[in-house]
Number of protein chains: 2
Amino acid sequence: MSNQRKRKAKIGTSSIESEIFKSATSFSDQTLAQVNELLSIWGMTPLQYNALRVIYVEDKQDTGIPSKEIGSRLYTRVPDVTRLLDRMVDKGWITRERDKINKRVVRSRLTDIGMELVESAHAPLAELETKQLDHLSDDEKNALSTLLNKALNKALD
Amino acid sequence: MSNQRKRKAKIGTSSIESEIFKSATSFSDQTLAQVNELLSIWGMTPLQYNALRVIYVEDKQDTGIPSKEIGSRLYTRVPDVTRLLDRMVDKGWITRERDKINKRVVRSRLTDIGMELVESAHAPLAELETKQLDHLSDDEKNALSTLLNKALNKALD
DNA sequence: AAACAACAGTTGTTATAACAAGTATATGTC
DNA sequence: GACATATACTTGTTATAACAACTGTTGTTT
């Protein structure tokens, strides 16, 4: 008489693996929301900040960093680095130039503004991250870091 | 003589907290990519699957689940549940109806197709998750789950 | 050195996420 | 019982993510 289909029994009790994914995702999502809010002070998104930071850290010789390397060092997949960098050029944070030797490559460098942005945001971000985890002991943080890295290495196989 | 600004020394060495965020984000991003690939077989996105699963699990009485509750049970922030559900109505996976008593509330229920989708995808997803972590011992998985939850609770304060 | 494959970026398109403002209903207060 | 406030959802708009096809350059093979 009812049009209600019977739901299978097994769905609903979630495995330890599911719990781990759910927690890791929630954790990174919640933290990202706070990082996003903080970075909005400077008009940056987390992705833009990360790209700036990659260039800042890697481009010691001020020769510029290829788009592909920037993409590979961001810790989420980014299918469209070109337009991510386009917007950062428009904002005056980076400059781009074709590599003279390998003309396929485009190298990005920070402008003074871009450099200042990375330096301004760094300490507040570090503080936010520390605060987020200040209820964990050093042992717990080390254990968590180790376990996440172990989990991650398989994910990247 | 060079127009190169001096980069501050401190940036580049990352704290244990940064490492944790980076690993957690990479881990969930990589896993999500695989989940996305798997779910694309049925034409679902991870977010859509999660919404379907929420309704499947919560709507025991087939009275429908309010949009707000669906949103709150998804483990990422979703600012636009209405249109997420719109698309699922269009695809024939759910139906929506205004609550008779509280007319502000809209309740979503699974169609037979929606129910079949959840049931079809569940086992392959569980298998994927298990495989992703099969190089961790039970103790490690339990420890990871516990630590992530502890980290998460602060993030949600 | 011509042909083919690989590589690094670019561009076009569509769908979705994010943010903000708006609408209808319900609840609380005086 | 009018009025302010809160709630649940909707709608409008803009920016970005995702996917695929394409261009120009370099490397490899014969």
Side-chain angles (χ1 to χ4, degrees), chain A residues 25 28-30 32-41 43-51 54-55 63-91 93-109, chain B residues 25 28-30 32-41 43-51 55 63-91 93-108:
Chain A
T25 302
S28 67
D29 182 71
Q30 296 295 332
L32 191 65
Q34 297 194 32
V35 169
N36 185 61
E37 193 185 343
L38 176 59
L39 289 175
S40 69
I41 294 169
M44 286 185 279
T45 66
L47 191 54
Q48 289 170 342
Y49 173 78
N50 279 327
V54 166
I55 303 173
T63 53
I65 304 294
S67 306
K68 201 192 179 188
E69 187 178 344
I70 296 172
S72 71
R73 287 184 185 277
L74 297 172
Y75 40 82
T76 53
R77 295 153 300 133
V78 178
D80 191 356
V81 175
T82 300
R83 275 174 288 206
L84 170 64
L85 298 177
D86 282 349
R87 287 170 226 132
M88 290 167 49
V89 170
D90 291 345
K91 287 172 180 257
W93 300 343
I94 63 171
T95 58
R96 275 183 303 188
E97 218 174 331
R98 287 257 163 211
D99 189 298
K100 294 285 187 295
I101 297 156
N102 187 340
K103 288 177 191 160
R104 290 173 300 187
V105 172
V106 173
R107 294 182 167 276
S108 295
R109 292 191 294 176
Chain B
T25 302
S28 67
D29 182 72
Q30 296 295 333
L32 190 65
Q34 297 194 33
V35 170
N36 184 61
E37 193 184 342
L38 176 60
L39 289 176
S40 69
I41 295 169
M44 284 185 277
T45 66
L47 191 55
Q48 289 168 343
Y49 173 78
N50 279 326
I55 303 172
T63 52
I65 303 294
S67 305
K68 200 191 179 189
E69 186 177 346
I70 296 172
S72 71
R73 288 184 185 276
L74 297 171
Y75 40 83
T76 55
R77 296 154 300 132
V78 178
D80 193 356
V81 176
T82 299
R83 275 174 289 206
L84 170 64
L85 297 177
D86 282 349
R87 287 170 226 130
M88 290 167 49
V89 170
D90 291 346
K91 286 173 180 257
W93 300 342
I94 62 170
T95 57
R96 274 184 305 189
E97 216 174 331
R98 287 257 163 210
D99 188 299
K100 295 285 188 294
I101 296 157
N102 187 340
K103 286 177 190 159
R104 290 172 303 186
V105 172
V106 174
R107 294 182 167 275
S108 296

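We use all heavy atoms of the structure for the numbers below, so side chains are in, but hydrogens, waters and symmetry mates are not. Naming convention: chains lettered A, B, ... in sequence-line order (proteins, then strands); numbering from 1 in each chain.
Residue B:Val106 is the one, among A:Gln48 and B:Val106, whose nearest nucleotide of DNA chain D lies closer to the 5' end (criterion: closest heavy atom). For the pair B:Lys68 and B:Arg83, nearest-nucleotide mapping onto DNA chain D gives the more 5' position to B:Lys68. Summary of the strand contacts: A:Val105 and A:Asn36 both lie near DNA chain C, and taking for each the nucleotide with the nearest heavy atom, the more 5' one is attributed to A:Val105.
Nucleic acid contact for B:Arg87: sugar-phosphate only, since backbone atoms but no base atoms lie under 4.0 Å from a heavy atom of the residue. Within the nucleic acid shown, A:Thr82 comes within 4.0 Å of at least one base atom, counting heavy atoms only. Counting any heavy atom pair closer than 4.0 Å across all strands shown, B:Asp99 reaches no nucleic acid atom. B:Leu47 comes within 4.0 angstrom of sugar-phosphate atoms only, judged by non-hydrogen atoms across all strands, and of no base. The residue A:Ile101 sits close only to the backbone: its heavy atoms come under 4.0 Å of sugar-phosphate atoms, none of a base.
For the pair B:Arg107 CZ and D:dA8 C1', the computed distance is 12 Å after rounding to whole Å. Between B:Asp86 atom CG and D:dC9 atom P the separation is 13 Å, expressed in whole Å. Taking atom NZ of A:Lys103 as the reference point, atom C1' of D:dT25 lies 9 Å away to the nearest angstrom. Here D:dA8 presents its C1' atom at 13 Å from CG of B:Leu85, a figure rounded to the nearest Å. Taking atom CZ of residue B:Arg104 and atom P of nucleotide D:dT5, one finds them 17 Å apart after rounding to whole Å. Following rounding to the nearest Å, A:Asp80 (CG) and D:dC19 (P) show an atom-to-atom distance of 12 Å.
Protein chain B contacts DNA chain C over a range whose 5' and 3' limits, counting nucleotides with an atom under 4.0 angstrom from a non-hydrogen atom, are C:dT16 to C:dA26.
Look at B:Asn102 and you won't find any side-chain N or O under 4.0 angstrom from OP1 or OP2 of D:dA6.
Atom CD of B:Gln30 sits about 11.5 Å away from atom OG1 of B:Thr25, to the nearest 0.5 Å.
Proximity of B:Leu84 to B:Leu74: side-chain heavy atoms (C-beta onward) are separated by under 4.5 Å at one or more points.
No hydrogens or angles were tested; on distance alone, nothing pairs the side chain of A:Arg98 with the base of D:dG24 as donor and acceptor under 3.5 Å.
Taking both residues in full, the closest heavy atoms of B:Ser67 and B:Leu85 are given as OG-CD1, 3.6 Å, listed atom of the first, atom of the second, then distance. Nearest heavy atoms, A:Lys103 versus A:Arg98: O-NH1, 2.9 Å. Nearest heavy atoms, A:Lys100 versus A:Glu97: NZ-OE2, 3.3 Å.
For the side chain to side chain contact (heavy atoms under 4.5 Å, CB included) with B:Ile94, the qualifying choice from B:Val89, B:Ile70, B:Ile65 is B:Val89, the only one to do so.
The side-chain hydrogen bond (donor to acceptor under 3.5 Å, both in side chains) test applied to B:Asp86 returns B:Arg96, not counting sequence neighbours.
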